[in-house]
Number of protein chains: 2
Amino acid sequence: MGKASRDSSKAIARLRGVGLRPTRQRVELASLLFKGPDRHVTAENLHEEVAGLGLKISLATVYNTLHQFTHAGLLRQVIVDAARGYFDTNTGDHQHFFLEAEGTLIDIPGEDIRVAGVPAPPAGMTVDRVDVVVRVKRA
Amino acid sequence: MGKASRDSSKAIARLRGVGLRPTRQRVELASLLFKGPDRHVTAENLHEEVAGLGLKISLATVYNTLHQFTHAGLLRQVIVDAARGYFDTNTGDHQHFFLEAEGTLIDIPGEDIRVAGVPAPPAGMTVDRVDVVVRVKRA
DNA sequence: ATTCTTCTTTAGAATTATTCTAATCTGTTG
DNA sequence: CAACAGATTAGAATAATTCTAAAGAAGAAT
Ligand SMILES: [Mn+2]
Ligand SMILES: [Mn+2]
Ligand SMILES: [Zn+2]
Ligand SMILES: [Zn+2]
């Protein structure tokens with residue numbers, strides 16, 4: 001049993017675990033996304049990576065899959081740029097540095113950062129989550 | 001001297017103050033934006049408001065003007081939604097509640113909220129600003 | 001295995017927000 | 001007022017994303 005099939009089994013198990021059919025496309029994407037360390041991807045940039053590896057997955061499927069993974073709790077979306085959407089394999093409590101020039105995200109552990117003094121939300125509303133984006137630029 | 005001309009004079013003065021020619025379009029937009037309390041607008045939604053008042057300003061000019069006002073420091077952009085860009089007449093230190101369902105922003109005074117424990121930015125980078133978005137939804 | 005049913009993928013068109021182009025117009029200055 | 005730099009605009013273009021509807025693949029049933 002080689003490395004590729006071990007990746008596949010893990011990906012397949014993870015997909016089954018969240019009730020998604022392990023199609024070739026979903027398995028390949030899940031392997032790429034969850035094999036290594038946490039990462040922040042864009043649909044377009046993941047699609048290019050996939051193409052570069054010689055895999056054939058349509059851009060529509062990359063979008064569909066990223067959204068399905070997000071709904072399944074395997075990914076979360078990060079909003080830092082009005083032009084592009086980012087997907088994050090780290091679904092735990094954490095925040096981000098955003099390098100505007102590069103378009104790069106860097107995690108800040110959730111325990112490091114504290115947000116205090118958030119007023120009560122407007123009547124009838126409840127806090128869904130608190131996002132902190134530390135925008136950084138070249139010194 | 002009526003209300004309209006008083007609004008105009010203030011808008012014209014403000015535009016002159018930041019080195020922008022007080023054209024009819026810029027004066028009308030500045031009057032709308034800065035006459036009353038602080039507000040959060042979208043290019044499209046400001047354009048509709050303008051049209052509703054019977055004023056004729058092209059959408060391209062609304063976009064151009066919002067960006068010029070932003071560069072001049074009269075507005076700032078707020079990034080909360082991957083699909084639309086918001087412009088904020090409140091350029092001071094503050095944060096936001098974002099009602100995802102409504103697409104509405106509500107200011108949180110900068111003194112209220114405190115963010116602590118932000119790690120040192122990556123080498124060679126400097127913190128440009130720290131944005132906090134409190135996403136709320138119907139309870 | 002073969003068939004059946006239900007999902008899934010996909011190419012390409014469509015949509016949405018925004019920007020660009022290049023022609024026309026207007027504010028300001030002399 | 002004339003002249004010029006700067007501004008506005010309609011419409012085309014771009015970019016990210018979503019939609020459509022037709023063809024393909026996965027799982028269940030036979
Ligand atoms: Mn866009
Ligand atoms: Mn989206
Ligand atoms: Zn992250
Ligand atoms: Zn604000």
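Per chain, numbering begins at 1; letters A, B, ... match sequence-line order.
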Task: 4.5 Å side-chain heavy-atom contact, A:Phe34 and A:Leu74 - done: yes

Taking for B:Asn64 and for B:Arg16 the nucleotide of DNA chain C with the nearest heavy atom, the one nearer the 5' end belongs to B:Asn64

Separation of D:dA26 atom C1' from A:Arg26 atom CZ, nearest Å, is 10 Å

Taken to the nearest whole Å, NE2/B:His47 to C1'/D:dT9 is 10 Å

Winner on side-chain proximity to B:Tyr63, out of C:dT10, C:dA17, D:dG27, is C:dA17

From CG of A:Leu29 across to P of C:dT8 the rounded distance in Å is 14 Å

I want to know whether B:His47 and B:Tyr63 have ring centres closer than 6.0 Å.
no

Touch class at under 4.0 angstrom, heavy-atom based, for B:His67 against every strand present: sugar-phosphate

Closest of D:dG27, C:dT9, C:dA11 to the A:Gln25 side chain is C:dT9

Among the nucleotides D:dG11, D:dA26, C:dT18, whichever has the atom closest to the side chain of A:Thr23 is D:dA26

When rounded to whole Å, the CG to P distance for the pair B:Leu20 and D:dA5 reads 19 Å

Whole-Å distance, B:Lys56 NZ to D:dA10 P, equals 11 Å

Between CD of A:Gln68 and C1' of D:dA26 the distance, given in whole Å, is 14 Å

Taking every heavy atom of A:Asp112 against every heavy atom of A:Arg114, the minimum-distance pair comes out as O-NH2, 3.6 Å

Among the nucleotides D:dC19, D:dA16, C:dT8, whichever has the atom closest to the side chain of A:Arg21 is C:dT8

In whole angstroms, the gap separating P of C:dA17 from CD of B:Gln77 amounts to 15 Å

Rounded to whole Å, the CG-C1' distance (B:Asn45 to C:dT18) equals 15 Å

Among the nucleotides C:dC20, C:dG27, D:dA7, whichever has the atom closest to the side chain of B:Pro22 is C:dG27

Between B:Ala11 and B:Val27, the two heavy atoms sitting closest are CB-O, 3.9 Å

Only one of A:Arg39, A:Arg76, A:His40 passes side chain to side chain donor-acceptor pair (under 3.5 Å) with A:Asp88, and that residue is A:His40

- Contact class for A:Arg84 (heavy atom, under 4.0 Å): base, sugar-phosphate, or nothing? sugar-phosphate

Q: Give B:Thr61 one of three labels, base, sugar-phosphate or nothing, depending on what nucleic acid heavy atoms sit under 4.0 Å from its own.
A: base

